[in-house]
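Reckoned from all heavy atoms, side chains included, excluding hydrogens, waters and symmetry mates. Just so you know, these numbers come straight off a predicted model, no measurement behind them. Here is how names work: the chains are called A, B, and so on, in the same order as the sequence lines, proteins then strands, and each is numbered from 1.
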There are 2 protein chains.
Amino acid sequence: MKLTSRSEYALLALVCLARHNADGYVSAETIALAQKIPLKFLEQILFALKRAKYLRSSKGQHGGYRLAKPADKIALAEVIRLFDGALAPTESVSKYFYESTPIEKEKNLVKVFKGIRDYVSETLEKTTIADVV
Amino acid sequence: MKLTSRSEYALLALVCLARHNADGYVSAETIALAQKIPLKFLEQILFALKRAKYLRSSKGQHGGYRLAKPADKIALAEVIRLFDGALAPTESVSKYFYESTPIEKEKNLVKVFKGIRDYVSETLEKTTIADVV
DNA sequence: ATAATCCCCATCAGTTTAGTAGGATAATCC
DNA sequence: GGATTATCCTACTAAACTGATGGGGATTAT
């Protein structure tokens, strides 16, 4: 029940980029230093964010990354999903947890976790990078 | 952001035991069959639950497990914590996420995740095994 | 040219997870 | 008291995941 460092770093990087959006391209190294993220690890993450169309980039001197879409169009949920997969808090392992076992299934237990999942999902879906800058 | 199978199996087992609480001791094998859990794996889990005082047991013929306390005194949170550790949805990996980096920390981001953590925590804390039986 | 910077994949060590194995110990039944 | 049934408890393992690190190649600005 926690974020991976990939998701966390991605969010921090996006926040950082959103904040310096007016300054043009920001290099990976700048972000790495600002947010204390290992550079080579951050590169992977930024590249993934670019592939997923959240960033655009420019090579060479004065190159770097910048947001490819407005910060208020990037939901936290999307970012987390990109790195951590589904964010349902109970993507169940046992296939009988959600599915019906012949005789009985634990409907009420499932209901509790569905409620949590929905809350988490909605919260992260409606909160954008712009909201946290 | 999901439960481990250990937590899930533990909850299923507890629900099963709560349901058959009047029938005396229920063997691990019975639970394993009812909830489709690998027997030897379940044994470990039941043993852990016993060590943590949620169950009592009896060996030998007609032995098995039963609840050691009323089902309405066992919160889902306790069980999950026992197997998965802290259930905060953002027990942050990077030490600078919650802590202040000298210049800036992402207070708003932290606020969002604290909100989620609190909701999850409260929900699981107030829901008991009795509630889901 | 050359220096800066992104691009992209391969590898790795450590941890966690899910599950298996096997034998010791204790209670019950005959 | 011996057979049976069950829990108790430790050790092990294969696979996946996590958090990186490393090395080069491609591209662009000066």
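- The distance between atom CZ of A:Phe83 and atom P of D:dT18, rounded to the nearest whole Å, is 13 Å.
- Under the side chain to side chain donor-acceptor pair (under 3.5 Å) criterion, A:Asp72 pairs with no residue, sequence neighbours left out.
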With the criterion being N/O to N/O and under 3.5 Å, what pairs connect the protein with nucleotides 27-30 of chain D, and how long is each?
from	atom 1	to	atom 2	distance (Å)
D:dT27	O4'	A:Lys59	NZ	3.3
D:dT30	O4'	A:Gln61	OE1	3.4

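- Protein atom CG of B:Leu49 is 11 Å distant from nucleotide atom P of D:dC8, rounded to whole Å.
- Screening residues 42-66 of chain A for salt bridge (charged side-chain N to carboxylate O under 4.0 Å, His left out), with sequence neighbours left out, gives A:Lys40-A:Glu43.
- With a 4.5 Å cut-off on side-chain heavy atoms, B:Leu17 and B:Tyr65 count as touching.
- Put simply, CZ on A:Arg66 is 16 Å from C1' on C:dT5, counting in whole angstrom units.
- Atom-to-atom, CG of A:Leu3 to P of D:dC17 comes out at 17 Å; the value is rounded to the nearest Å.
- Using a 4.0 Å heavy-atom cutoff across all strands shown, A:Tyr25 reaches no nucleic acid atom at all.
- Only one option out of B:Ile129, B:Thr128, B:Val132 pairs with B:Leu14 in a side-chain contact (heavy atoms from CB on, under 4.5 Å); it is B:Ile129.
- OP1 or OP2 of C:dC7 lies within a sub-4.0 Å distance of a side-chain N or O belonging to A:Tyr65.
- With both pairing distances under 3.5 Å, D:dT30 is matched to C:dA1 as a Watson-Crick or G-U wobble pair.
- In this structure, of C:dT17, D:dA6, C:dC6, it is C:dC6 that holds the atom nearest to the side chain of A:Ser27.
- In this structure, A:Ile80 places its CD1 atom 14 Å from P of D:dT18, rounding to the nearest Å.
- Across residues 37-47 of chain A, A:Pro38, A:Lys40, A:Phe41, A:Gln44 each have a non-hydrogen atom less than 4.0 Å from an atom of DNA chain D (numbered order).
- For B:Thr127, there are no side chain to side chain donor-acceptor pair (under 3.5 Å) partners, not counting sequence neighbours.
- Between the CD1 atom of A:Ile37 and the OG atom of A:Ser5 there is a distance of 9.0 Å, given to the nearest 0.5 Å.
- Listed by chain and number, the residues in a side chain to side chain donor-acceptor pair (under 3.5 Å) with B:Glu122 amount to none (sequence neighbours excluded).
- Look at CZ on B:Arg56: it is 17 Å from C1' on C:dA26, rounded to the nearest Å.
- D:dT7 atom P lies 11 Å from atom CG of B:Leu55, rounded to whole Å.
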